[in-house]
Amino acid sequence: MEKNSKKEKPAEEFNLKKEIMDYLLMFLIVGAVVFVVNGLILINARIPSESMQDTIMVHDRVFGYRLAYKSKEPERFDIVIFRFPDDERTLFIKRIIGLPGDTVLISDGKVYINGSEEPLDDSFCPEKPEGDYGPYVVPENCYFMMGDNRNYSNDSRFWVNKFVAKDKILGKAVFRYWPLTRMGIVS
């Protein structure tokens with residue numbers, strides 16, 4: 001019978017200190033990855049009010065994509081997460097209605113842009129919006145925001161600082177991950 005030329009290595013002895021160090025290293029790496037993804041790529045938002053119903057519901061959790069506007073400009077109807085202009089410590093989520101240079105007029109609950117005879121399509125609103133507001137002239141590098149649940153939304157119509165500067169937009173809402181029953185793309 002031929003002897004096997006390869007010798008089997010003896011099993012490595014259990015070393016508690018090495019095991020603990022391996023787990024600590026793993027947790028540090030995972031933590032760093034989460035920190036980088038959350039700080040540079042995604043923003044996590046919890047929806048505290050009914051202002052975006054029926055698109056996004058109270059207590060939903062949404063990921064926003066932080067890099068969405070690095071190579072392109074925000075567009076009308078994008079849903080964005082931004083710093084509230086009247087208190088920048090607070091994050092808001094609303095739909096972009098007015099773009100830089102637009103004149104926004106709300107008459108009988110309908111939104112008109114730049115004197116158009118046709119109102120914007122607001123079929124995503126759960127009920128007929130009420131009221132007359134404006135006209136508002138959107139400054140350069142700023143946006144006019146409204147919630148989809150127009151009759152219950154604290155939005156640009158009611159803020160002291162009516163417009164959101166582009167550099168205060170933190171990301172475009174892209175994916176609802178909670179609750180699981182409504183998980184999916186935000187649009």
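The residues of the chain are indexed from 1 along the displayed sequence.
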Given side chains that start at C-beta, do those of R83 and T90 come closer than 4.5 Å, heavy atoms only? no
Assess the residue pair Y143 and E73 against the criterion (side chain to side chain contact (heavy atoms under 4.5 Å, CB included)); give the C-alpha distance rounded to whole Å, side-chain angles, the decisive distance to 0.1 Å, and a yes or no. CA-CA 11 Å; Y143 298 86; E73 294 298 311; 3.5 Å; yes
Indicate if L99 and L120 have the same hydrophobic cluster label, given that clusters are the connected sets of ILVMFWY residues with side-chain heavy-atom separations under 4.5 angstrom. no
Shortest non-hydrogen separation from N114 to G101 and the atoms involved: OD1-O, 4.1 Å
Heavy-atom neighbours of M21 CE exceed 12 at 6.0 Å: no
For the hydrophobic clusters of this structure (ILVMFWY residues joined by side-chain heavy atoms under 4.5 Å, transitively), does one cluster hold both I96 and V104? no
Quick check on the 6.0 Å ring-centre criterion: do Y65 and F175 meet it? no
Quick one: closest heavy-atom pair of I169 and P74, and the distance? CD1-CG, 4.2 Å
Between V160 and F158, is there a shared hydrophobic cluster once you connect ILVMFWY residues whose side-chain heavy atoms come closer than 4.5 Å? no
Considering non-hydrogen atoms only, spot the tightest contact between D54 and P126 and give its length. OD2-CB, 3.6 Å
Between OG of S107 and OH of Y112, what distance do you get to the nearest 0.5 Å? 6.0 Å
Do the non-hydrogen side-chain atoms of M145 and V164 ever get within less than 4.5 Å of each other? yes
Stepwise side chain to side chain contact (heavy atoms under 4.5 Å, CB included) test for F82 and L170: CA-CA 5 Å; F82 57 92; L170 302 176; 5.5 Å; no
Can you give me the closest heavy-atom contact between N161 and P85, atom names plus distance? ND2-O, 3.4 Å
With a 4.5 Å cut-off on side-chain heavy atoms, are R182 and D60 touching? yes
Is a side-chain donor or acceptor of D121 paired with a backbone partner of S123 at a separation under 3.5 angstrom? yes
Going from CE on M146 to OG on S153, what distance comes out if it is rounded to the nearest 0.5 angstrom? 7.0 Å
Only one of L105, V138, D102, T103 passes side-chain contact (heavy atoms from CB on, under 4.5 Å) with I113, and that residue is D102
Membership question, hydrophobic clusters at under 4.5 Å side-chain separation (ILVMFWY): are L180 and F63 in the same one? yes
Would a distance-only check, ignoring hydrogens and angles, find a side-chain to backbone donor-acceptor pair under 3.5 Å from R76 to I97? yes
Answer yes or no for R61 and Y177: cation-pi contact, defined as NZ/CZ to six-membered ring centre under 6.0 Å and angle to ring axis within 45°. no
K70 side chain to L67 backbone, donor-acceptor under 3.5 Å: no
Flag if over 12 foreign heavy atoms under 6.0 Å of NZ, K17: no
F144/Y136 aromatic ring centres below 6.0 Å: yes
Would you mind reporting whether D122 and P129 have side-chain heavy atoms less than 4.5 Å apart? yes
In this structure, OG1 of T55 is separated from CZ of R176 (nearest 0.5 Å) by 8.0 Å
Does the ring of F124 carry R95 above it, NZ/CZ under 6.0 angstrom from centre and within 45° of its axis? yes
Nearest 0.5 Å, please: how far is CD1 in I47 from CD1 in I56? 5.0 Å
Is it true that R150 and E127 have a side-chain N and a carboxylate O under 4.0 angstrom from each other? no
Do V58 and F92 belong to the same hydrophobic cluster, where Ile, Leu, Val, Met, Phe, Trp and Tyr are linked whenever their side-chain heavy atoms lie under 4.5 Å apart, directly or via other members? no
Is there side-chain contact between S51 and K94, with at least one heavy-atom pair below 4.5 Å? yes
Donor-acceptor contact present, side-chain D132 to main-chain D108, <3.5 Å: yes
Heavy-atom closest pair (Y69 atom, V80 atom, distance to 0.1 Å) is OH-CG1, 3.4 Å
Is the closest side-chain heavy-atom distance between V62 and V174 below 4.5 Å? no
Just verifying a value: how many Å separate Y23 OH and K18 NZ, rounded to the nearest 0.5 Å? 11.0 Å
Is the backbone of G147 close enough, under 3.5 Å, to the side chain of D155 for a donor and an acceptor to pair up by distance? yes
Any donor-acceptor pair under 3.5 Å linking the side chain of W159 with the backbone of N154? yes
Distance col, row N44:CG vs I81:CD1, nearest 0.5 angstrom, shows 8.0 Å
Ignoring hydrogens, what is the shortest heavy-atom contact between N151 and E130? Give both atom names and the distance. OD1-N, 2.9 Å
